[in-house]
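Count residues from 1 along the sequence.
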Amino acid sequence: MPITPAKGLSADDSAVPASDGTAEPIMLELVDESGRTIGTAEKLSAHLAPGRLHRAFSVFLFDEQGRLLLQRRALGKYHSPGVWSNTCCGHPYPDEPPFVAAARRTGEELGVTPALLREAGTVRYNHPDPASGLVEQEFNHLFVGTVRAGLRPDPEEVEETAFVTPAELDELREKFTFSAWFMDVLDTARPVVREITGDAAGW
């Protein structure tokens, strides 16, 4: 289970360049309990306690051996820094389809385009982050796929990466802190994970 430090291009996920060269705040879609859009909110404000329910996505990519690509979040991130988590997660821009956002953000964070990407359901959760005091109130769209190209992680987003088997994941979870949402999203996505990786992979 080699763990690879991140190296590659840097990009800032806290703001979007505007046409006049200034930075505009990132806006998220607020949703109701059924996932219908009801408005927008600035990214940080949506995570301030008690949190506002918003649309998100989580990606799980696997290599040809059926190993899951994990990332350790960069130490400089304002939310859940330095913890291990799934391949990629984030938030669609307002009116951006979650599938498009998932593919876009995977490229931005890891420098790779999924070879395959399938929808794997949704999950709603409420997870406070003890370290920052921020709260994840999310309606999360899940995607599972495969990756074949080499990674070029953005070091401002990703501290390290690792491809793991189920047994290696268990070992990592005993030694290191994982994101509060990790098991919620993995367990919900497992049926599609098994379809894609096959029985031999053990997921």
Side-chain angles (χ1 to χ4, degrees), residues 2-17 26-29 43 54-123 136 138-164 169 172 178-179 181-190 192-193 195-197 201 203:
I3 295 176
T4 306
K7 56 183 177 180
L9 302 176
S10 296
D12 181 5
D13 78 334
S14 63
V16 178
I26 288 180
M27 303 299 290
L28 309 184
E29 280 190 352
K43 181 178 178 181
H54 57 275
R55 194 177 310 284
F57 63 82
S58 289
V59 177
F60 295 86
L61 296 182
F62 296 81
D63 67 8
E64 294 178 348
Q65 289 75 48
R67 299 179 302 171
L68 171 60
L69 173 58
L70 298 176
Q71 67 156 277
R72 183 175 170 228
R73 293 165 62 86
L75 298 176
K77 292 184 76 70
Y78 74 90
H79 191 323
S80 302
V83 304
W84 285 93
S85 197
N86 49 292
T87 306
C88 179
C89 56
H91 310 91
Y93 296 135
D95 298 321
E96 182 182 28
F99 183 93
V100 173
R104 169 183 58 79
R105 194 64 187 148
T106 300
E108 291 172 354
E109 290 193 6
L110 295 160
V112 67
T113 300
L116 169 73
L117 198 62
R118 282 182 48 187
E119 294 183 3
T122 60
V123 60
E136 287 288 10
E138 292 191 331
F139 188 93
N140 198 320
H141 298 255
L142 309 180
F143 299 93
V144 176
T146 58
V147 61
R148 294 175 184 164
L151 305 177
R152 288 201 311 156
D154 176 356
E156 291 187 6
E157 299 291 337
V158 179
E159 191 73 18
E160 299 171 300
T161 60
F163 284 95
V164 299
L169 174 59
L172 270 183
F178 272 66
S179 61
W181 60 86
F182 178 77
M183 288 309 301
D184 280 343
V185 292
L186 176 57
D187 286 343
T188 304
R190 278 187 198 274
V192 178
V193 169
E195 288 179 13
I196 287 178
T197 61
W203 295 101

Checklist entry - Can L186 and N86 be said to form a side-chain contact (heavy atoms from CB on, under 4.5 Å), step by step? => result CA-CA 8 Å; L186 176 57; N86 49 292; over 6 Å; no
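- A distance of 10.5 Å separates CZ of F62 from OG1 of T146, quoted to the nearest 0.5 Å.
- Judged by distance alone, with hydrogens and angles left aside, the side-chain atoms of E138 form no donor-acceptor pair with the main-chain N or O of H54 at under 3.5 Å.
- With hydrogens and angles disregarded, a donor-acceptor distance shorter than 3.5 Å links the side chain of W203 to the backbone of G66.
- Contact detail for S85 and W181: the closest heavy-atom pair is OG-NE1, 3.3 Å.
- The local environment of CD in E195 is crowded, with over 12 non-hydrogen atoms from other residues, nucleotides or ligands closer than 6.0 Å.
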Next on the checklist: Between W84 and E160, does the side-chain contact (heavy atoms from CB on, under 4.5 Å) criterion hold? Intermediate values first, please.
Outcome noted: CA-CA 9 Å; W84 285 93; E160 299 171 300; 3.7 Å; yes
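- Looking only at side-chain heavy atoms (C-beta outward), V192 and F60 stay at 4.5 Å or farther from each other.
- In this structure, the side chains of L70 and F182 come closer than 4.5 Å at one or more pairs of heavy atoms.
- T87 and L61 get closest at one heavy-atom pair: OG1-N, 2.9 Å.
- Under the side chain to side chain contact (heavy atoms under 4.5 Å, CB included) test applied with L69, the options T106, V164, D63, L110 reduce to a single match, L110.
- In this structure, R73 and E159 approach most closely via the heavy-atom pair O-CB, 3.8 Å.
- Taking OG1 of T113 as the start and CZ of R148 as the end, the distance is 12.5 Å to the nearest 0.5 Å.
- Listed for the E157 side chain is no donor-acceptor partner under 3.5 Å among the backbone atoms of A74.
- Considering every non-hydrogen atom in both V83 and S80, the closest pair reads CG2-O, 3.3 Å.
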Checklist entry - Stepwise, does the side-chain contact (heavy atoms from CB on, under 4.5 Å) test hold for E109 with D154? => result CA-CA 5 Å; E109 290 193 6; D154 176 356; 5.6 Å; no
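- A distance of 9.0 Å separates CZ of F57 from CG of N140, quoted to the nearest 0.5 Å.
- The shortest non-hydrogen separation linking A189 to V144 is CB-CG2, 4.0 Å.
- Note that SG of C89 is 6.5 Å distant from CD of Q71, once rounded to the nearest 0.5 Å.
- Counting only heavy atoms from C-beta outward, the side chains of H141 and R55 approach each other to under 4.5 Å.
- Side chains of R104 and Y93 form a contact here, defined as non-hydrogen atoms less than 4.5 Å apart.
- Closest approach of F143 and A102 over heavy atoms only: CD1-CB, 3.7 Å.
- With R105 contributing its side chain and H91 its backbone, the two residues share no donor-acceptor pair below 3.5 Å.
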